[in-house]
Amino acid sequence: MKTSPIRDFRMLLGLGVCALACAAQAEETLAPADDAVFADEFKGRGDRAADVPTAPAKYQRPAGWKPTPPCPKTLPEIARDHSAATLARARAQMEKVNAVNRAGKYAATGAGMDRHACPDWFVDAKLGMFVDWGLYSIAAYSPYVKGARLYPDWYEYKCRPEYTMADSAAAYHRKNWGADFQPDHFIGLFRGTRFDAAKMMKVFRQCGAKYVVPFLKHHSGFCEWDCSYTFRDTVDGPAKRDFAREMADAARAEGLKFGIYTSQADEWEYPILQDDGSIKMRLWGGRLVDYTPTMEGKASGKIAVRDFVTDYIVPQTTEFIDKYDPDLLWYDADWSSRATENGSYDITAYFYNRAEGRKEVCCNDRYGRLDPAEEAAFRRKGIKLIGCRTVRGDFFTDEWGDTAEHIDPAAWHPWESCSGISKAYGNHWMEEQDPSMVMTDREFICHFTSIVARGGNLLLLVNLDGQGAIPKVQEDRLLSIGRWLAANGEAIYATRIIAPYSTAAVDYTRAKDGATVYAIIKEPAAEVTLACALPKDATAMEIASGRWLELVRAGGEVRVRLPADLAASPLPLAVRIESKE
């Protein structure tokens, strides 16, 4: 017997969510990192020069390039000239946030977050676009191991020579970019010369997406919008463009909801102002170390503050909410800090309260770790957690299957899989040379429909190249997906779950009113067995062609017969099944 969805989603924890472990670090100046991010190095790294690939010319250091300071002012100089004004601005923003939250429906607490419900528009949407683009897209590399998740969007971290466990990435960087090329030197090359937000959003609409979530601040703290709390953004940098504004306006012009991905809980390094006016560097997780000039190559442009959360994180993200009015918040970097301490609840309560009565919004489940007492209760049961994931959030998140096995359709809560046409998070130049790294149309459609059949959305990674264009191999696949959805979207959009959800051969969905069942046949054949409950007088029609199909009942089974041409289809087929009455 099923309990309510609210109680059920908490019971998902009992299914054994795996923790993201922190990688052991050889150097104290490095941030703890998710083992999954470095799985490629653990499996495939080598120390010999022959193991390090030579990148195509466009993914190497430009000819004649000479190192120049990433920012005109050093971090101590920025602190001297700009910290006081930034702190005053942050105090005013925090006063505004706190006033809104005191007066609003949603408190800045875990209970306040739980009070908010996921809107129907998100559950109906099924397909969103996750635009992974940043400084790392210029290098476009992560050591490749077949079948492994790849994280080119951690390149700025993995290429550092002090990270000895990632020697293959560091060796690659030395070979293709040079030992004197620091991570922040990519800022000078990040100009978006091929970035066309209007064209991009048109492609997304054509491929059937309903919402878009661009990476606007990854873990290095580089912002792709006009941010008042840093000089480390695309408006102050060489690009001189507000990419967030361009994307928000273009998305809305195409009828797409607009969200923000942000590393809200942490950054790899951040300058913290001391009482004597000097700065120390806050590392991932909160530990302070002395400032050294090497920080100019990986944290340039940041304005020192006294409190990382209340002087920077909360004011920065709530200012973004004020300026761009997003429909969705997509948090990350949640595994090393507590949700009650990293500002996530304050930001989200402000987001909810500001939208209340005006529009429907939603937030994912990556707030941060639970309170010690909550964590201890799960630990006593032998359950390891990934922050608040699959515990708290308008929708839960899965990253290439790392929580999907714990997301039970029978105890349904809105959820979303963030995965791509390939296994890469961020642009990877090898995809241009090896088509096997990218899913075929059939592989992708089957991946997508199995997610929808289990009650989820797909947030599809689109990895822009270094100057902001969609690589051709990805654009071609997106448009192919769009053609399939244009013909078969009735079985996808605004549907709900029905047992047995997803099998090897068929995925099942239903209309909201329950009157229509859809069978998405992933393995077309002359006869296909249908495992879901159907009325005795059911009729079946292949949606794309409008052709009636024969249903055969024998031995307690129901089979649908497909004509020879449909049985030979290289792509999945969607079948509408209804009662004659």
Side-chain angles (χ1 to χ4, degrees), residues 126-127 206-208 404 409 417 419 421-422 435-456 458 460 473 476-511 514-581:
K126 306 307 180 188
L127 182 62
Q206 289 174 336
C207 85
S417 170
S419 52
I421 298 169
S422 75
S436 70
M437 291 178 67
V438 178
M439 288 184 183
T440 65
D441 288 351
R442 181 188 175 280
E443 288 171 336
F444 171 77
I445 293 168
C446 291
H447 174 65
F448 174 40
T449 61
S450 69
I451 290 168
V452 174
R454 289 178 287 124
L458 173 61
L460 179 64
V473 66
D476 289 348
R477 192 70 74 248
L478 289 172
L479 293 175
S480 294
I481 293 161
R483 288 190 289 272
W484 188 89
L485 280 169
N488 298 282
E490 176 188 335
I492 298 295
Y493 299 117
T495 58
R496 296 297 185 263
I497 56 173
I498 183 171
Y501 318 114
S502 178
T503 67
V506 184
D507 289 326
Y508 301 92
T509 61
R510 64 170 175 85
T516 305
V517 172
Y518 299 100
I520 302 164
I521 299 173
K522 296 181 286 189
E523 301 282 353
E527 284 195 355
V528 178
T529 299
L530 301 179
C532 64
L534 299 173
K536 290 183 178 180
D537 63 345
T539 61
M541 175 184 286
E542 199 263 326
I543 293 174
S545 66
R547 291 157 69 179
W548 292 102
L549 304 175
E550 183 181 2
L551 292 176
V552 179
R553 295 180 182 272
E557 291 184 338
V558 179
R559 298 188 182 95
V560 59
R561 286 182 175 167
L562 301 179
D565 60 325
L566 294 183
S569 173
L571 298 180
L573 307 172
V575 176
R576 181 195 305 125
I577 304 169
E578 299 176 293
S579 172
K580 290 180 181 178
E581 295 181 358

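Everything numeric in this text was worked out from a predicted model, so none of it was measured.
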*Asks:* Give the minimum heavy-atom separation between P524 and S569, together with the two atoms involved.
*Replies:* CG-O, 3.8 Å
*Asks:* If you compare all heavy atoms of L530 against all heavy atoms of L534, which two are closest, and at what distance to 0.1 Å?
*Replies:*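 Heavy atoms of L530 and L534 come nearest at CD1-CD1, 3.9 Å.
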*Asks:* Apply side chain to side chain contact (heavy atoms under 4.5 Å, CB included) to V560 and I521, showing your working.
*Replies:* CA-CA 10 Å; V560 59; I521 299 173; 3.9 Å; yes
*Asks:* One thing to verify: whether R442 and E523 come together as a salt bridge, which I'm taking to mean a side-chain N less than 4.0 angstrom from a carboxylate O.
*Replies:* yes
*Asks:* For a quick test of reading the model, state the closest non-hydrogen atom pair linking A453 to T509 and the distance between them.
*Replies:*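 Distance-wise, the nearest heavy atoms are CA-CG2, 4.2 Å.
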*Asks:* Within a strict 4.5 Å, meaning less than it, do heavy atoms of the C532 and V517 side chains meet?
*Replies:*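 Contact flag for C532/V517 side chains = yes.
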*Asks:* Quick check: closest heavy atoms across E443 and V438, and the distance to 0.1 Å?
*Replies:*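 Shortest heavy-atom contact: OE1-O, 4.4 Å.
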*Asks:* Over all heavy atoms of both residues, which pair between V575 and A540 is shortest? Give the atoms and the distance, please.
*Replies:*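 Taking V575 first and A540 second, the nearest heavy atoms are CG1-CB, 3.8 Å.
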*Asks:* Any carboxylate oxygen within less than 4.0 angstrom of a Lys/Arg side-chain nitrogen, looking at R483 and D441?
*Replies:* no
*Asks:* A side-chain contact here means heavy atoms from C-beta on lying under 4.5 Å apart; do L566 and R547 qualify?
*Replies:* yes
*Asks:* Taking Y508 for its side chain and A531 for its backbone only, find out whether a donor-acceptor pair lies under 3.5 Å.
*Replies:*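 Side chain of Y508 to backbone of A531: a pair is present.
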*Asks:* Any non-hydrogen side-chain atom of R576 less than 4.5 Å from a side-chain atom of Y518?
*Replies:*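 In short, these two side chains touch, coming nearer than 4.5 Å.
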*Asks:* Without swapping roles, check the side chain of K126 against the backbone of F448 for a donor-acceptor pair under 3.5 Å.
*Replies:* no
*Asks:* Contact between V452 and L458 at the side-chain level, heavy atoms closer than 4.5 Å - yes or no?
*Replies:*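 Heavy-atom side-chain distance check fails, nothing below 4.5 Å.
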*Asks:* So which atom in A504 and which in K522 form the shortest heavy-atom distance, rounded to 0.1 Å?
*Replies:* O-CE, 3.5 Å
*Asks:* For T516 and E578, which I'm curious about, is there any donor-acceptor pair between the side chains at under 3.5 Å?
*Replies:* yes
*Asks:* Does any non-hydrogen side-chain atom of I520 lie less than 4.5 Å from one of I445?
*Replies:*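 No. Closest side-chain heavy atoms not under 4.5 Å.
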